[in-house]
Amino acid sequence: MEAVVFVFSLLDCCALIFLSVYFIITLSDLECDYINARSCCSKLNKWVIPELIGHTIVTVLMLVSLHWFIFLLNLPVATWNIYRFIMVPSGNMGVFDPTEIHNRGQLKSHMKEAMIKLGFHLLCFFMYLYSMILALIND
Amino acid sequence: MSAPAGSPHPAASARIPPKFGGVAASGAAAPAGPGPAPHQQNGPAHSQMQVPSGYGLHHPNYIAPSGHFSQGPGKMTSLPLESQHDDYYSGLYAVPTQNVVTPSTANQSGVQQMYGRGPPAPHVVGSTPGSFQGAASSASHLYTSASQPYSSFVNHYNSPAMYSANSSVASQGFPSTCGHYAMSTVSNAVYPSVSYPSLPADDPYGQIFTSQNAPTVRPVKDNSFPGQNTVISHPSPLPPPPSQQHQQQQSLSGYSTLSWSAPGLPPTQDSLVRNHTGSLAPTNNNPTNTVADSLSCAVMQNVQPRKSSPVVSTVLSGASSTMPPAAKHPGEPVAPVTQPSELLQHKGMQYGEYVNNQASSAPTPLSSTSDDEEEEEEDEEAGVDSSSTTSSASPMPNSYDALEGGSYPDVHSSSASSPAPDPAPEPDPVPAPAPVPAPAAPQPSKMAKPFGYGYPILQPGYQNATAPLNSGVHPSSQGYSGYQQYPQQYPGVNQLSSGLGGLSLQSSPQPESLRPINLTQERNVLPMTPVWAPVPNLNLELKKLNCSPDSFRCTLTNIPQTQALLNKAKLPLGLLLHPFRDLTQLPVITSNTIVRCRSCRTYINPFVSFIDQRRWKCNLCYRVNDVPEEFMYNPLTRSYGEPHKRPEVQNSTVEFIASSDYMLRPPQPAVYLFVLDVSHNAVEAGYLTILCQSLLENLDKLPGDSRTRIGFMTFDSTIHFYNLQEGLSQPQMLIVSDIDDVFLPTPDSLLVNLYESKELIKDLLNALPNMFTNTRETHSALGPALQAAFKLMSPTGGRVSVFQTQLPSLGAGLLQSREDPNQRSSTKVVQHLGPATDFYKKLALDCSGQQTAVDLFLLSSQYSDLASLACMSKYSAGCIYYYPSFHHTHNPSQAEKLQKDLKRYLTRKIGFEAVMRIRCTKGLSMHTFHGNFFVRSTDLLSLANINPDAGFAVQLSIEESLTDTSLVCFQTALLYTSSKGERRIRVHTLCLPVVSSLADVYAGVDVQAAICLLANMAVDRSVSSSLSDARDALVNAVVDSLSAYGSTVSNLQHSALIAPGSLKLFPLYILALLKQKAFRTGTSTRLDDRVYAMCQIKSQPLVHLMKMIHPNLYRIDRLTDEGAIHVNDRVVPQPPLQKLSAEKLTREGAFLMDCGSVFYIWIGKGCNNNFIEDVLGYPNFASIPQKMTHLPELDTLSSERARSFITWLRDGRPQSPVLHVVKDESPAKTEFFQHLIEDRTEAAFSYYEFLLHVQQQICK
């Protein structure tokens, strides 16, 4: 059972890592003027909710399977994702707003955020991998 | 869409696969080229393509940029194209087709065609809507009959669109650039005569000007009369009289000026001084605008006849009236009388040569304008002769010339011998250190002083204000409020090439801008005259070349070397732009190759350096570029091998006629669409009559060419289109009631050629006001109407003018009332400053992608959620007009205002499908933009339309230390399509010095620019965070900067509130901002009013914004001719500014307050009956009516003075101000008193209290 949990988490984590990389690539494309703000934001906004769901599922799964440490590790990031999603002003077109993204260093902070998430997911990836192997051995 | 492949339709490009799209469109050049990103170095030609958002397709005729660009389809360059297309075009274009087709097949169309003419029609219409609206099914039956016409429409639609036809014509219109040189006729500036009637001393002056002007073959392009932006289409320019044709137009060195402190001047002298100085003033309400003003009928003609002559005749608009910018600087040294004469003669000779050159070039096949110019030149020559003789005999100490001709050796020598330095540092925040404190100036200086002359024997070159900070000691002559400072130095010593302005440090006394002022003790901070922009402390040569502050200002005219230094100064760093300002003179250049840096795509400008004949070094990225062969030829002198004499290198504001490299599609025609609210509410308000009347009057003056198109839509709960196809006997109304899925009832003939269908348009405009008089429809389907407008406009782009009178209540984009009237005066939280929905933002971005701007006129009596509606204009580069409680009869002043605004709106210049790119020297970076536009990539602003009243602001940060450079430059390039279908690029370049000491940073603060930038930032903060945060941030801006100054620079006693001279107005302006409608709390402010004020802060240019923030108050019951200026044969009195405090109001007086968009005349109870009778036309105070909005034209002296003063103030405003006469006892006086910002109100500090508060915060 435990192995199944971690196998799922591992896959989910892989997806999140890919997503983070995608965010970083798209944002840096925008930074270098390869794409315009409108298309960049519409591309990214599409993936905000999948990312949020993916991460929440893992977090909840860890809670349910009583892996407290991993749960507590994931909790702040999941909370941040949800908070960020809820706090989007009503007039904005999503977490990434093409009219705002070039202002007040938003692009940089989005970039920083994506980087941090990438690091975090990589960390999680190896933890899940380790836990999975451990669980498989124990089985 | 079934557009044939290869047709210039945007949709086509959307289909181009991304990688190859780049190749296909490689002919298209970016307006402003690629940003700073490194990839652009690889393939500049490709990166160019990213630009015009709207262009999906490059015309087959366009040629890819020739070989000198390294080519090869770069991946990165192709990407942007792809993304744009995906984003903007794909899908969008497909939509209309579907919409059109579906109705015809599915019978669901809600179209009814009415063949009624004029008034009878509305009755039918009025009866039908009900059936449409409610019963969709019955409606569909009803419309089946209408489906027949549809199919035909569809056919039309499928056939090549009218637009493509037009566009092909347009493309043909472009000059074939095959000749070695393209011919450019330049703006044909007409120089009015400068006549100073009744001024005894005027002769020498005028002559001096001409003589000075002569040598510098350098047109001054900027409108030197800020108060009067002469509209380009000035009807009747004065013919140039033989001599004195030059108004001095000095854009650069100007503001430092004049002796306001000497009130006792004889009027004539004063006016003379102003002749020299006034024109420089950046502020619009400049009382020093002068005689020259009256003469400023100079007309720039934008239309240039193009010829394919093999000779480049890049005649500059200003060529005939070449002005040495620095010449008339009041702060100039006064040279001995004999000396000028020599100079003059010398210059006269030079000038003669120049003229000869010009004359010889005349035979080239120039257009008729060249003849005119030739005449002017001859005239000037004559003027030079006379001036050179008379000026030598002139008793006036005039050494203007000494300043002007930096490159003439004699000038230097003579100037060096100038008698005495005038040390008097002026209160102006300009860091110009006067070299020697000479309280006892020799005789000439005394003479000169009233004229505002200084006698600096400064070495040229940059005075790196190493101001000794022994602040206790000031030159005795530091008049406080009187003098402006003189950043002038003698020219010449500095023979550096223009690109390398050297810094020559000099020990000098502390400049006025650094003089510490104890704010709590200084009661009269506000000068008597409008505040000028400080002049960057550059050497003379560069100062002369620098961009006019009216177009381009920086908050710090001395750029700190590092971000750390900037942080220490606690001042905002940013630019304020007014790029499309109406200019009276503008050099227009047509040339085959527009010379740009190969790496950063900077346009060549006066601040580049020529390494040798064939190479120039970019001043932004420092790359060394080759000078193209063509550039070696100077069309002005017809000489070869003088690239540094080219007009591009001699002017910091130029306009290029762009070749086809700069287009992705043929230039669009001018297209105007009017979307009008005709619900019951709108009909009640009665704006239709005014609008239709204005349109009828101005139909012929709408900017455009023979391709101009116009269309009309009206909406209530349904959307009405008007078929105005040529050949119809009357306008046809088409009603679409299906607002959930809007479609165009007919693909063409809704936007019709203005000239072909003029009769029908006039019919419609005459009929419209009466068509809906009986409507009982109260709903407003604004969202669907906008969607329809977008569909209608998307093939071409253009301007949509939306008139809305209430909250949209139907269909997409419907809004709820969010305002709680009880919270209007809340001091705590102000909510709902941001939009409620993203519908309008998305729509605006779609429009922006299709080069369509949406202008909003909101005429509403109740809350209409401007915060949401404004988005449609904000992001599509439109403009916003708001008329609270508009009613055509109940509120005549608003009606009048609408009428005047419309006149300006309809006739002002317009640029289509524009993009603006701002570049700055390596090391600086831009991070936040303010204004109405969409930021498409890091430094590229997409402007569907650009209008002359739009201002922008940019925040800057210093990313790398600027230690290895002494100058930084900023360049704005605005690529647009003129209303005549020409692609043009307007380039402004600003050059500023870099300083390393904190004192210098403070010395160079441009307080007005800083305030405007802070206001923009505060608006952002209020929307993204909260209003109280924004207010705190504003207060902190003062506290931080003053405490930073106190702790680092000033070593005076710390108990007092000390500010440098350059910042003395900072607290006052911040207080004014806090009491501005946008940011005030505690006073009842309607949400829409507040939001509108914020919109204005974001989009107004600096000059207008400053009026709004800090109104000007004048006493007008004792106007005299003392110090008056002459404008258009009228004498305009120049009363001194009063501070905005009730203590200045006396019951015996009458005061005029100029708030930018509104004027108040406050009449005191004890006001002299003579004044009331002579000016207002009533016998006494009691008989003045409560509502009075006009001054009667009485034939009395005081009436004439008052009226001419008010007219003069009004000139050149984007929104013509409405006058309110306010009696002391009338209820309207609160309106007036709320602008007295130095006074205490129940919710806000007085100025003194505010200072104490700031001081307290500093001490904490």
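Naming convention: chains lettered A, B, ... in sequence-line order (proteins, then strands); numbering from 1 in each chain. Since this is a predicted model, take the numbers as computed values, not measurements.
B/Ser848 is not listed as a side-chain neighbour of A/Arg38, based on a closest heavy-atom distance of 4.5 Å or more.
Across B/Thr928, B/Asp1020, B/Val935, the residue that shares the most heavy-atom pairs under 4.5 angstrom with chain A is B/Thr928. Ranked by heavy-atom pairs shorter than 4.5 Å toward chain A, the options B/Gly834, B/Ser868, B/Ala836 are led by B/Ala836.
A distance-only check finds no donor-acceptor pair linking the side chain of B/Asp1029 to the backbone of B/Ser1022 [under 3.5 Å].
Residue A/Val60 forms a side-chain contact (heavy atoms from CB on, under 4.5 Å) with just one option from A/Thr56, A/Val58, A/Ile57, and that option is A/Thr56.
A donor-acceptor pair shorter than 3.5 Å can be found between the side chains of B/Gln563 and B/Asn567.
Looking at A/Gln106, neither its backbone nor its side chain comes within 4.5 Å of chain B, counting heavy atoms on both sides.
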